[in-house]
Amino acid sequence: MRLVAAQSRFTTEASAEIAKINWWLLVYGTGVVVSLGIFFRKFQNLSRLFRFRAISAEKNLRIIEVPNSNIACTFYRTIFLGDQLTETEKLQILSHELVHVKQKHSLDLLFFEILKIIFWFNPLVYIYQNRMAAVHEFIADASVVKSTPKRSYYEQLLNSAFNTTNISFINQFINQSLIKKRIVMLQKSRSKTTAKLKYLVMIPLVMAMLTYVACSDENSSMNYQEEDSLSQYSYTMNKQEEMSNEKREIHKKYEDFLINNPDYVSWATIEGNQITYSVHSRNEEVPEGYIKLEVSDKYDMYINLPGSTKNANGEEKSETIKYEKGDDIPFAVIEEVPVFPGCEGLETNEERKNCMSQKIQEHVQKEFNTSLGKQLGLTGRNRVIAIFKINSQGQVIDVRSRAPHPALEEEAKRVINSLP
């Protein structure tokens, strides 16, 4: 049994080690090693050409003759010519290859060879290298035909057969896949100045289009990021739910953000037995059915109170909701306001609402233990929110509270329950 257990543990550990292998990195590393091998194979083929006799050697140029060959290519400052080429062919090829030497075209191709090792998986690197090689040939051809008749140059391209070594970082005089393109390019005339000006006119238009698209994408991205960042302050609670420590922390962040960012407001959305609190830009249009609720002198809140007779701007709405017997009616829309002791002589409903709010505020300030925060070790401003109902007999019922600490919630319930 011990031996089996030990083998099982070893197998598990070995499997865990295998699982830790980064397969993507392994594949990439294999590709780099293979690409390096291909590069060094090409370099070996090129180094063999340097072993042959140099027929000309100057400070900035060296010409090497390759025996039993009609090769014609260039690498950096060295031109390789096969000894089977005629003197006429050598003269035209030299004038062509000298352009590659002077403009250091081999360095461009070497740069792409390095990119092919690092980004071996990217097909664009191979395509760009082929395009660059073609451009090099076009440039050299254009230089040669300035001093050589085009017809004879065409004939040489079509009639010569060269066995050039397949090395991608040398400039080959004859590349059979490019012959047709080179002849077509030689037949083209230079663009007139007026034709070039047409392209210049297009530049501002293209720049304006790119700027417009970039700005549109940026605005969309900013709006998305803003919505995503504001979502961290949102939370949902059941009406009868006591606030957990997790939601208490979210609520603190929610209120701190609103207090410190006056360009944002709070939306309280009531759906069935749930209330969702969320943060929105002040410029965002408040949905129909929400009214402004005075819960704080530091930030604004909008809530979709059922049966509200006012919209978000405080204007009276034409439609109202009829309540059945026994329904809970929000304080903002109730027709018969509970009369707080001391508010009996007031005539209008609005006056009794204001009087009741004022009396409750005075009662809370008088009864609430304001030193409780210090005793609990709390610092700064700690907001306490209480919700309660008044039944048909004038009794306070269903008291609920939210605060940064459970002790503050209990104190709030005690004070509200002591209302006359």
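When a residue number appears, it is its place in the shown sequence, counting from 1. Keep in mind the model is a prediction, meaning the values are calculated, not measured.
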* **More than 12 heavy atoms from other groups under 6.0 Å of CZ on Arg282** =>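 More than 12 heavy atoms, drawn from other residues, nucleotides or ligands, come within 6.0 Å of this atom.
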* Are there more than 12 heavy atoms of other residues, nucleotides or ligands under 6.0 Å from atom CZ of Phe52? ->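 Yes, enclosed.
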* Would Lys252 and Glu249 satisfy salt bridge (Lys or Arg N to Asp or Glu O under 4.0 Å), going step by step from the backbone distance to the final call? -> CA-CA 5 Å; Lys252 186 176 187 309; Glu249 291 179 4; over 6 Å; no
* Worked verdict on Thr269 versus Tyr290 for side-chain hydrogen bond (donor to acceptor under 3.5 Å, both in side chains) -> CA-CA 8 Å; Thr269 304; Tyr290 283 69; 2.7 Å; yes
Hey, does [Y] have a side-chain heavy atom less than 4.5 Å from the side chain of [X]?
X: Trp267; Y: Pro287; answer: yes
X: Arg400; Y: Phe388; answer: no
X: Ile79; Y: Val101; answer: yes

* Are His363 and Glu367 close enough that a side-chain donor and a side-chain acceptor fall under 3.5 Å? ->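 Glu367 and His363 do not have a side-chain donor-acceptor pair below 3.5 Å.
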* Can a donor-acceptor pair be found between the side chains of Thr276 and Thr236 at a distance below 3.5 Å? ->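 Yes.
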* **Check: Phe80 ring centre within less than 6.0 Å of Phe50 ring centre** =>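 Yes: the rings meet the under 6.0 Å criterion.
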* Asked: Can you list the residues that meet the side chain to side chain contact (heavy atoms under 4.5 Å, CB included) rule with Gln375, with sequence neighbours excluded?
  ->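 Partners of Gln375 under the side chain to side chain contact (heavy atoms under 4.5 Å, CB included) test: Asn369, Ser371, Leu372.
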* Counting distance only, does the side-chain N/O of Asp108 pair as donor-acceptor with the main-chain N or O of Met132 below 3.5 Å? ->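 Side chain of Asp108 to backbone of Met132: no pair is present.
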* Asked: Sub-3.5 Å donor-acceptor pair from the side chain of Asn261 to the main-chain atoms of Asp263, do we have one?
  ->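 Flag not set: sc Asn261 to bb Asp263 has no pair under 3.5 Å.
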* **Residues which pass salt bridge (charged side-chain N to carboxylate O under 4.0 Å, His left out) with Lys102, listed by chain and number, not counting sequence neighbours** =>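 Once residues adjacent in sequence are excluded, Lys102 has no partner under the salt bridge (charged side-chain N to carboxylate O under 4.0 Å, His left out) criterion.
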* Asked: Which residues pass the side-chain hydrogen bond (donor to acceptor under 3.5 Å, both in side chains) test with Gln103, sequence neighbours left out?
  ->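 For Gln103 the side-chain hydrogen bond (donor to acceptor under 3.5 Å, both in side chains) partners, ignoring immediate neighbours, are His105.
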Salt bridge or not between [X] and [Y]? Use side-chain N to carboxylate O under 4.0 Å.
X: Arg414; Y: Glu411; result: yes
X: Lys389; Y: Asp398; result: yes
X: Glu65; Y: Lys90; result: yes

* To do: With side-chain hydrogen bond (donor to acceptor under 3.5 Å, both in side chains) as the test, would you mind laying out the steps for Tyr254 and Ser266 before giving the verdict?
  => CA-CA 9 Å; Tyr254 158 89; Ser266 167; 2.2 Å; yes
* Checking side chain to side chain donor-acceptor pair (under 3.5 Å) against Glu362, which of Lys366, Gln365, Gln358 comes through? ->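 Among Lys366, Gln365, Gln358, the one that satisfies the side chain to side chain donor-acceptor pair (under 3.5 Å) with Glu362 is Gln358.
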* Asked: Phe39 vs Phe43 aromatic rings, parallel, tilted or perpendicular, using cut-offs 30° and 60°?
  ->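 Aromatic pair Phe39/Phe43 classed parallel.
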